Protein chains: 2
Amino acid sequence: MPDFSGFGEFRMTKQRRVVYDVLVDEPRDHPTASEVFLRAKNRMPGISLATVYNCLETLTHAGLVKQVNLDRDASRYCPNLKPHAHFFCSECEQVFDITPRPSADPCAVWELPEGTRIDHLDVTLKGKCPACARAGHP
Amino acid sequence: MPDFSGFGEFRMTKQRRVVYDVLVDEPRDHPTASEVFLRAKNRMPGISLATVYNCLETLTHAGLVKQVNLDRDASRYCPNLKPHAHFFCSECEQVFDITPRPSADPCAVWELPEGTRIDHLDVTLKGKCPACARAGHP
DNA sequence: ATGAGATCAAGAATTATTCTAAATAAAAAA
DNA sequence: TTTTTTATTTAGAATAATTCTTGATCTCAT
């Protein structure tokens, strides 16, 4: 069982652990709150949707999971704490984590006025994943 | 009056023109649909919110405006057709357009599996704009 | 054990957006 | 121009994700 000290006043309750485990265990496919709810019920039948929302918010605040927003679709959640962006395949509608090339700084490509302070970067690429791109060009 | 030929079967109706003008005229501050609605009513009191939504969708489809989504907030709209990203100041909550440095390719910094096809890039930077950053460090 | 505070559950409330159906306006045909 | 067809606008209902509210339950320090 991982160590969650260092995450402030955060308390790992039974429900939060279930929600967290759902995200960490396979399939790690960036589920929405409702999808997390369905999977969580398999492990803890009495859990409520409201609690899943609460847990996801708490876990996000604690920094254990990341909220992923694509356009205005339902938020998705991901336990990958390394800095990364997302690739969305418009064909199979899957979300893939992508990482910056070593030594590349994704912020550096943008022209920003002198004195701007960057706290956070949010990147989504859209297109076709290799499998779907190949299927489309038979 | 600009020429809108070359935008397919698109028809520039009175309402669409009003909505478009609201976006193009100052302040070009990335308003939400409701904000566009309020401004549009000044120019055409009878216009309805549903129509504003319809027009924004049509204009977006026609490629005359871009829909800008920050997290799960209400969509904002922007008439800047040049490729650009957005900077959101967490202090003054304004949205600024930002452009890539000449000759920089924002997609190139990301590690993507061989064969991935990129159609679209969506970037939001968050932090403090120069004015707010300075105000925070007095 | 007891009491204070955090967490959970169920359902109501909210909000941005989409849908529906009828009315209106514009374009095409006669 | 009149008629017919088609697209657009409107108002309000419907939807869907999320948040809020309230009371019940749990946890932990005393």
Side-chain angles (χ1 to χ4, degrees), chain A residues 1 4-5 7-23 30-62 64-78 93 95, chain B residues 1 4-5 7-23 30-62 64-78 93 95:
Chain A
M1 190 186 299
F4 291 110
S5 54
F7 285 95
E9 281 306 302
F10 174 78
R11 191 198 281 167
M12 185 54 96
T13 65
K14 291 196 200 80
Q15 288 82 346
R16 287 173 186 167
R17 148 132 275 116
V18 166
V19 167
Y20 181 70
D21 287 348
V22 162
L23 292 174
H30 303 81
T32 63
S34 315
E35 288 162 349
V36 172
F37 175 51
L38 292 178
R39 296 180 196 175
K41 277 203 292 193
N42 293 331
R43 304 174 185 222
M44 181 184 271
I47 199 168
S48 76
L49 178 58
T51 296
V52 169
Y53 270 104
N54 287 338
C55 292
L56 289 170
E57 190 191 328
T58 307
L59 290 165
T60 302
H61 246 96
L64 288 164
V65 310
K66 283 190 180 170
Q67 192 183 45
V68 180
N69 295 302
L70 286 86
D71 300 327
R72 291 228 352 128
D73 294 344
S75 293
R76 298 163 175 276
Y77 295 86
C78 121
E93 308 205 309
V95 178
Chain B
M1 188 186 297
F4 291 110
S5 55
F7 285 97
E9 282 305 301
F10 173 76
R11 187 148 95 202
M12 184 54 95
T13 65
K14 292 196 197 83
Q15 288 83 346
R16 288 173 188 168
R17 148 132 273 117
V18 166
V19 167
Y20 181 69
D21 287 348
V22 161
L23 291 174
H30 302 81
T32 63
S34 314
E35 288 161 350
V36 170
F37 175 52
L38 292 177
R39 296 180 196 176
K41 275 203 293 193
N42 294 329
R43 305 173 184 223
M44 182 185 267
I47 198 169
S48 76
L49 179 58
T51 297
V52 169
Y53 271 104
N54 287 341
C55 292
L56 289 170
E57 189 189 331
T58 307
L59 290 165
T60 302
H61 247 95
L64 286 165
V65 310
K66 282 190 180 168
Q67 190 182 46
V68 180
N69 295 302
L70 286 86
D71 300 329
R72 290 231 348 131
D73 294 343
S75 292
R76 299 162 176 276
Y77 295 86
C78 121
E93 307 204 312
V95 178

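In the text below, chain A, chain B and the rest are named by the order of the sequence lines, each starting its count at 1. For clarity, every value in this text was computed on a predicted model and none was experimentally measured.
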query: Taking CE from A:M12 and C1' from C:dA6, how many angstroms apart are they, rounded to a whole number?
result: 16 Å
- prompt: Atom OH of A:Y20 and atom C1' of C:dT7: how far apart are they, to the nearest Å?
  reply: 20 Å
Distance, rounded to the nearest Å, where B:E57 contributes CD and C:dT18 contributes C1': 9 Å
message: Measure CG/B:D73 against P/D:dT18 and give the value in whole Å, please.
response: 12 Å
Value in whole Å for how far the C1' atom of D:dT9 lies from CZ of B:F37: 13 Å
message: With nearest nucleotide decided by heavy atoms, which residue, A:A74 or B:C55, maps closer to the 5′ end of DNA chain D?
response: B:C55
B:D71 CG to C:dA16 P, straight-line distance once rounded to whole Å: 15 Å
query: Taking atom OH of B:Y53 and atom CD of B:E57, what is their separation to the nearest 0.5 Å?
result: 11.5 Å
message: I want to verify a distance call: between C:dT17, C:dA9, D:dT18, whose nearest atom is closest to the A:I47 side chain?
response: C:dA9
query: Does B:S48 place a side-chain N or O at less than 4.0 Å from the phosphate oxygens OP1/OP2 of D:dT10?
result: yes
query: Taking A:R16 for the side chain and A:L59 for the main chain, is one N or O donor matched with an acceptor at less than 3.5 Å?
result: no
message: Is there a side-chain contact between B:Q15 and the phosphate of D:dT10, meaning an N or O under 4.0 Å from OP1 or OP2?
response: yes
task: Going 5' to 3' through nucleotides 19-27 of chain C, assign each nucleotide B (protein heavy atom under 4.0 Å from a base atom), S (under 4.0 Å only from sugar-phosphate atoms) or - (no protein heavy atom that close).
output: -------SS
Short side-chain to backbone donor-acceptor contact, A:E35 and A:T32, under 3.5 Å: yes
- request: Consider the side chain of A:L49, meaning its heavy atoms from C-beta on, and name the nucleotide among C:dT17, C:dA9, D:dT18 that approaches it most closely.
  value: D:dT18
- request: Can you see which heavy atom on A:Y77 is nearest to which on A:L23, and at what distance?
  value: O-CD2, 3.7 Å
task: Report yes if at least one side-chain N or O of B:S34 is closer than 4.0 Å to OP1 or OP2 of C:dA16; otherwise report no.
output: no
- prompt: Does A:R16 have a side-chain nitrogen or oxygen under 4.0 Å from the phosphate oxygens OP1 or OP2 of C:dT7?
  reply: yes
query: Think A:R72 has a side-chain N or O under 4.0 angstrom from the OP1 or OP2 of D:dA17?
result: no
field: Nearest-0.5 Å distance that lies between atom CG in B:L56 and atom NE2 in B:H61
entry: 13.5 Å
message: With side-chain contact (heavy atoms from CB on, under 4.5 Å) as the criterion, how do B:V19 and B:I47 come out once you've worked through the C-alpha distance, each side chain's angles and the decisive distance to 0.1 Å?
response: CA-CA 10 Å; B:V19 167; B:I47 198 169; 4.3 Å; yes
statement: Winner on side-chain proximity to A:Y53, out of C:dT17, D:dA17, D:dT9, is D:dA17
task: May I have the distance from A:H61 (atom NE2) to D:dT19 (atom C1'), rounded to whole angstrom?
output: 14 Å
- request: Rounded to the nearest angstrom, tell me the gap between atom CZ in A:F10 and atom C1' in C:dA6.
  value: 13 Å
message: To the nearest 0.5 Å, what is the distance between NZ on A:K66 and SG on A:C78?
response: 7.0 Å
query: Can you check whether B:P31's main-chain N or O pairs, donor with acceptor, with B:R76's side chain at less than 3.5 Å?
result: no
- request: Would you mind classifying the nucleic acid contact of A:S75 as base, sugar-phosphate or nothing, using non-hydrogen atoms under 4.0 angstrom?
  value: sugar-phosphate
